Amino acid sequence: MPTVLKLLDIEKNFFQADQKIEVLKGINLEIRKGELVALIGPSGSGKTTLLQIAGLLDNATSGQILIGEIDSSKANDKTRTEIRKNHVGFVYQFHNLLPEFSALENVALPLLIQEKSRKEAFEIAEKILAEVGLSNRLNHKPSELSGGQQQRVALARAVVTKPSLILADEPTGNLDSEFAGKIFELLQNLVKTYQIGCLVVTHNMELAKKADRVVSIKDGVVS
């Protein structure tokens, strides 16, 4: 299958009181189309930093980042924003939904940012929300939804633009085990249905074992 994310020799360093801190030490990683890869590791091992660099939210000290066939390593801020807008979906532990917007409006927003018409954006958003089981919650605001429902909206928002890559940072970390399992299964189904590559950070080993592949990171090195 085609590669949707390729990280080549990614290093991330910073200095603290004239001391060099090496967070990532030459990371090499590929994610393929339709593949869900779980990234595990202890706290402070560099998981979130790696995810932020892969999503062009942070800059690597050195190395190369390819999203699809786009080499974004030396892209300027405007180009990085365009790549994120068109090719990357994000899911976080806390859903990050806009509280004043309905579920439908939250999911339609990325399409409106892509300058889709309001009619088209809302039609696509409604379809995706139906796929995650929320047809009867379209006009509910986040405060009117359960934690599991809010995360379903967040998943719908991440896939609504049909990105080539989804980056998920502890997407089930704020849910009990029953709902965590359901959200992870839903994420897997969306990845397969839309043939999206997905890198998901998790501390939940039971869920990680259900991924297509598990990558471990420790002391800034993956294995």
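Being a predicted model, the structure only gives us computed values, none of them experimental. These values consider heavy atoms only, across backbone and side chains, with no hydrogens, waters or symmetry-generated copies.
Put simply, Leu7 and Leu66 are part of two different groups of oily side chains (I, L, V, M, F, W, Y) that touch within less than 4.5 Å, one to the next. In the hydrophobic clustering of this structure, Phe122 groups with Ile128; members are Ile, Leu, Val, Met, Phe, Trp, Tyr whose side-chain heavy atoms approach within less than 4.5 Å, directly or through other members. Hydrophobic cluster membership differs between Val201 and Val221, with clusters built from Ile, Leu, Val, Met, Phe, Trp and Tyr side chains linked at under 4.5 angstrom. Under the 4.5 Å side-chain contact rule for hydrophobic residues, Leu109 and Phe90 do not share a cluster. Under a hydrophobic clustering in which Ile, Leu, Val, Met, Phe, Trp and Tyr are joined whenever their side-chain heavy atoms come within less than 4.5 Å, directly or via other members, Phe14 and Ile27 fall into the same cluster.
In this structure, the separation between CD1 on Ile196 and CD on Glu35 is 13.5 Å, given to the nearest 0.5 Å. Separating the CG atom in Asp169 from the OG1 atom in Thr202 is a distance of 10.0 Å, to the nearest 0.5 Å. Thr81 OG1 to Asn76 CG: the interatomic distance, rounded to the nearest 0.5 Å, is 8.5 Å. Between the CG atom of Leu112 and the OG atom of Ser117 there is a distance of 8.5 Å, given to the nearest 0.5 Å. Atoms CD and NZ, from Glu185 and Lys182 in turn, are 9.5 Å apart once rounded to the nearest 0.5 Å. In this structure, Leu97 CG and Ser143 OG are separated by 10.5 Å, a value rounded to the nearest 0.5 Å.
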> side chain to side chain contact (heavy atoms under 4.5 Å, CB included) between Val88 and Arg80: does it pass, once the steps are laid out?
Replying inline: CA-CA 11 Å; Val88 186; Arg80 289 163 71 91; over 6 Å; no

>> Test side chain to side chain contact (heavy atoms under 4.5 Å, CB included) on Asn28 and Val222; report intermediate values, then the result.
In response: CA-CA 8 Å; Asn28 290 285; Val222 298; 5.9 Å; no

> Under the salt bridge (Lys or Arg N to Asp or Glu O under 4.0 Å) criterion, do Arg32 and Asp212 qualify, and how do the steps go?
Replying inline: CA-CA 10 Å; Arg32 298 178 185 88; Asp212 298 307; over 6 Å; no

> Hey, mind stepping through Ile217 and Leu24 against side chain to side chain contact (heavy atoms under 4.5 Å, CB included) and telling me if it holds?
Replying inline: CA-CA 9 Å; Ile217 183 169; Leu24 301 176; 3.9 Å; yes

>> Before you tell me yes or no, could you show the steps for Leu111 and Thr161 under side chain to side chain contact (heavy atoms under 4.5 Å, CB included), namely the whole-Å CA-CA distance, both residues' side-chain angles and the distance that decides it to 0.1 Å?
In response: CA-CA 6 Å; Leu111 295 169; Thr161 60; 3.9 Å; yes

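Side chain of Thr61 to backbone of Asn13: a donor-acceptor contact under 3.5 angstrom is found. Looking only at distances, a side-chain donor or acceptor of Lys192 sits under 3.5 Å from a matching main-chain atom of Gly34. Distance alone, capped at 3.5 Å, is enough to place a donor-acceptor pair between the Glu170 side chain and the His203 backbone. Of the possible polar contacts, one joining the Glu144 side chain to the Lys141 backbone as a donor-acceptor pair under 3.5 Å is found. At distances below 3.5 Å, not a single donor-acceptor pair connects side-chain atoms of Ser72 with backbone N or O atoms of Ala75. Within the 3.5 Å criterion, the main-chain N or O of Leu57 finds no donor-acceptor partner in the side chain of Gln52. Using a distance-only test at 3.5 Å, with no hydrogens or angles considered, no donor-acceptor pair links the side chain of Glu126 to the main chain of Leu104.
Counting only heavy atoms from C-beta outward, the side chains of Ser164 and Lys33 never approach each other to under 4.5 Å. Between Leu155 and Ile166 the shortest side-chain heavy-atom distance does not fall below 4.5 Å. Looking at Leu165 and His87, their side chains never come closer than 4.5 Å, going by heavy atoms from C-beta outward. Between Glu22 and Glu11, every side-chain heavy-atom pair lies at or beyond the 4.5 Å cut-off. Residues Thr193 and Val159 are not in side-chain contact: their nearest non-hydrogen atoms beyond the backbone lie 4.5 Å or more apart.
Under a cut-off of 6.0 angstrom, the local environment of NZ in Lys218 is sparse, with at most 12 non-hydrogen atoms contributed by other residues, nucleotides or ligands. Other residues, nucleotides and ligands contribute only 12 or fewer heavy atoms inside 6.0 Å of the CD atom of Glu115. The neighbour count for Lys116 NZ, taken as heavy atoms of other residues, nucleotides or ligands under 6.0 Å away, is above 12.
Nearest heavy atoms, Lys6 versus Glu30: CE-OE2, 3.3 Å. Contact record, Val4 with Gly197: CG2-CA, 3.7 Å, taken as the closest heavy-atom pair. The shortest heavy-atom contact between Ile40 and Lys47 is C-CD, 3.7 Å. Of all the heavy atoms in Ala60 and Ile10, the pair that sits closest is CB-CG2, 4.0 Å. Contact record, Cys198 with Val191: CB-CG2, 3.6 Å, taken as the closest heavy-atom pair. The two residues Leu207 and Ala180 come nearest to each other via the heavy atoms CD1-O, 4.0 Å.
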Cut-off 3.5 Å, no hydrogens considered: what does the side-chain donor-acceptor table look like for residues 131-139, sequence neighbours left out?
from, atom 1, to, atom 2, distance (Å)
Glu131, OE1, Tyr194, OH, 2.7
Glu131, OE2, Lys127, NZ, 2.8
Glu131, OE2, Tyr194, OH, 2.6

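Screening Arg152, His140, Gln151 for a side chain to side chain contact (heavy atoms under 4.5 Å, CB included) with Leu145, the sole residue that qualifies is His140. Shown are Leu56, Leu8, Asn59; of these, the side chain to side chain contact (heavy atoms under 4.5 Å, CB included) with Ile65 is made only by Leu56.
A salt bridge is defined here as a Lys NZ or Arg NE, NH1 or NH2 lying under 4.0 Å from an Asp or Glu carboxylate O, and Lys78 with Glu82 fails to meet this definition.
Not counting sequence neighbours, the partners of Glu105 by the side-chain hydrogen bond (donor to acceptor under 3.5 Å, both in side chains) test are Ser102.
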